[in-house]
Amino acid sequence: MNTQNVNVKTATQEHSERYEGVQLEPWEKEGVKNPLSVRALVMEFTYLEDMSEAYAENILHDDDLEEALYEIFRRMTELAAGCSVVYTKGEMPKVDYEIIKYWVKAQRCTRAWFGEIGERAIAHARYRLALTLRVENSYV
């Protein structure tokens, strides 16, 4: 116990004023196994949100949107398949929830924000992830 954060009269721990009111980023939270990957996935999701706004304002054309979605999901798939997957002979690969939850959230939002164009990007991303996991699992 750090003596700076202890009330001497009651011997109870007090909150550090340094972090009071400050919300930690997802990659800064305790217990995060892959903080760099989580940070990268959060950034990819931020790009998706920005694209949603641009698409809603007709700033982003369909072809540009589709290309950008493919690229975002390519990077997210690489992170999801490369960070924390556990491969065991004779079993399906296991992807860490900490990582895949951002991939799943991005799919849900893409479907809602971009309709048919989003559906095509999601289908391609799922194909890439399944293929990557199969290939990597074949080496076990």
If you round to the nearest 0.5 Å, how far is [atom2] of [Y] from [atom1] of [X]?
X: Met76; Y: Tyr47; atom1: CE; atom2: OH; answer: 11.5 Å
X: Leu79; Y: Ile100; atom1: CG; atom2: CD1; answer: 10.5 Å
X: Lys101; Y: Asp96; atom1: NZ; atom2: CG; answer: 9.5 Å
X: Lys105; Y: Leu41; atom1: NZ; atom2: CG; answer: 11.5 Å
X: Leu65; Y: Ile59; atom1: CG; atom2: CD1; answer: 12.5 Å
X: Ile122; Y: Arg120; atom1: CD1; atom2: CZ; answer: 11.5 Å

For [X] and [Y], work out which heavy atoms get closest and say how close.
X: Ala80; Y: Ile99; result: CA-CG2, 3.6 Å
X: Cys109; Y: Phe45; result: SG-CZ, 3.6 Å
X: Trp103; Y: Leu129; result: CH2-CD2, 3.6 Å
X: Tyr55; Y: Asp62; result: OH-OD1, 3.1 Å
X: Thr77; Y: Arg128; result: CG2-C, 4.0 Å

* Ring centres of Phe73 and His124 under 6.0 Å apart? -> no
* **side-chain contact (heavy atoms from CB on, under 4.5 Å) between Val42 and Tyr102, intermediate numbers included** => CA-CA 7 Å; Val42 169; Tyr102 295 99; 3.7 Å; yes
* To do: Decide, yes or no, whether a salt bridge links Glu98 with Lys33 under the criterion of side-chain N to carboxylate O below 4.0 Å.
  =>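 Not counted as a salt bridge, because no side-chain N and carboxylate O are separated by less than 4.0 Å.
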* Charged N to carboxylate O under 4.0 angstrom, Arg74 versus Glu71? ->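 Between Glu71 and Arg74 there is a salt bridge, with a charged N closer than 4.0 Å to a carboxylate O.
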* Evaluate the side-chain contact (heavy atoms from CB on, under 4.5 Å) criterion for residues Met51 and Ile72: first the C-alpha distance (whole Å), next the side-chain angles of each, then the deciding distance (0.1 Å), finally the verdict. => CA-CA 11 Å; Met51 284 178 22; Ile72 286 172; 3.6 Å; yes
* To do: Kindly check if the number of other-residue, nucleotide or ligand heavy atoms within 6.0 Å of CZ (Arg39) is above 12?
  => no
* **Glu119 CD: over 12 foreign heavy atoms closer than 6.0 Å** => yes
* To do: Identify whether Trp113 and Met43 are in the same connected component of the hydrophobic contact network (ILVMFWY, side-chain heavy atoms under 4.5 Å).
  => yes
